[in-house]
Amino acid sequence: KQQQQTLSSFYHYG
Amino acid sequence: MFEARLAQGSIFAKVIEGLRELVTEATWECSGNGITLQAMDSSHVALVSLVLRSDGFETYRCDRNMSLGISLTSMSKVLKMMGKDDTLTIRVNDDSDAIVLSMESQNQEEFAEYELRLMDLDSEHLGIPDTDYSCVVKMPSTKFSRICRDMAILGDSVTICSTKDGVKFGAKGDVGQGSIRLNQSTNVDKEEDAVSIELREAVALTFAVRYLNMFCKAAPLSNQVNLSMSEDTPLMCEFKVGDMGHIRFYLAPKIED
C-alpha cells in the first residue's frame, strides 16, 4: 500500500 | 502604484490557466524585481512557485512592494474575454482594493477594462532550498502531457524510473498495468523535440498522477518540461515562461506503507 506524503515532511514553513 | 504591461497578453492568460486547477486563490507578491507567487494545494501535497521578472514586461512600475490576494478562478474568467493578440495591462492604484485588467486590441480599436476585487488571504510560505537533483529529464511538454493522461487511465499513481539511457513511466491499477519508456534522443532536428537526461544517480519515484495532470495545464507555456528528481525528495516540474520566468511545481512522492 502506498502512502502519500505532504510537502511539510520535506520543507519548512517560513 | 503597480502597473505592468505585456504586449502578448495571452502569455499571462496561459500562466493563470496553468495554476488555477491546483490553486483557486493565491497571493501575488509584487516588487521592483517582478511578480512572484507561491501557493500549495489544499491537501499540502503539491506546491506551485511562479516567477515573472520585471524585465520581461514591456513596461513595469512598482512603487512599493505589494501583496495582492487574487481569485485565480475569477481572473481566469476575465482573461477569457481577452482577444488572442491583445495587449494586457495589470494595474493596482494606491489605496485601492481592486486589480484592474486592461485589454487593448492590436489595431487599438477596442479597449476593455475589468476590475477584480482583491482578497485577504492567509498565506503559508515554505522555504525550498536550492537542490542538486540526482536526475533532470528534459522532454517535450506535449509528450509529458500525453503520458500523464494515459497513465491516469491505468491507475492513481505513476512510477518514474530514470537511468542514463532513458526514462520509464509506469502505472498499475485494477484494470491492468502499462509503461512507456523514452530513450534519450541521439540526434534530433529540433531541440524542442528532444528527450535528454542529466543523471548522477538513477532514481525511481512514485507520484499521484492526478497532480501531474494538473501541472500539465501549464504545458502550453513551453515546448519543453524539466523534471528534476532525487530519491525521497519532491519532484520539481518546471515550465519556462518565455525569457521572463518560470512556473515550478513541487510534488511530494508516495512511499510504501
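Side-chain atoms are counted along with the backbone in the values below, which use heavy atoms only and exclude waters and symmetry mates. A note on names: the letters A, B, ... follow the listed sequences, proteins ahead of strands, and every chain is numbered from 1.
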Give a yes or no on this: more than 12 heavy atoms of other residues, nucleotides or ligands lie within 6.0 Å of atom [atom1] of [X].
| X | atom1 | result |
| --- | --- | --- |
| K254(B) | NZ | yes |
| R117(B) | CZ | no |
| D63(B) | CG | yes |

Angle class for the Y11(A)/Y250(B) ring planes (parallel below 30°, perpendicular above 60°, tilted otherwise)?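 Because their plane-to-plane angle is over 60°, the rings of Y11(A) and Y250(B) count as perpendicular.
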Pick one of side chain, backbone, both or neither for F10(A), based on which atoms fall under 4.5 Å of a heavy atom in chain B.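 For F10(A), the contact with chain B is made by the side chain alone.
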Sub-3.5 Å donor-acceptor pair from the side chain of Q2(A) to the main-chain atoms of A208(B), do we have one?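 No, the answer is negative, given that no donor and acceptor are paired below the 3.5 Å cut-off.
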Could you tell me the separation between the OG1 atom of T206(B) and the CD atom of Q3(A), rounded to the nearest 0.5 Å?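 So the OG1 of T206(B) and the CD of Q3(A) are separated by 13.0 Å.
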Kindly compute the distance separating CE (M40(B)) from OG (S8(A)), expressed to the nearest 0.5 Å.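 Reported to 0.5 Å precision, the distance equals 7.0 Å.
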Examine whether an atom of D156(B) lies under 4.5 Å from a heavy atom of chain A, and if so say whether it belongs to the side chain, the backbone or both; otherwise answer neither.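 For D156(B), no heavy atom lies under 4.5 Å from chain A.
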Picking from L126(B), V45(B), I128(B), L251(B), what satisfies side chain to side chain contact (heavy atoms under 4.5 Å, CB included) with L7(A)?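 The single option meeting the side chain to side chain contact (heavy atoms under 4.5 Å, CB included) with L7(A) is L126(B).
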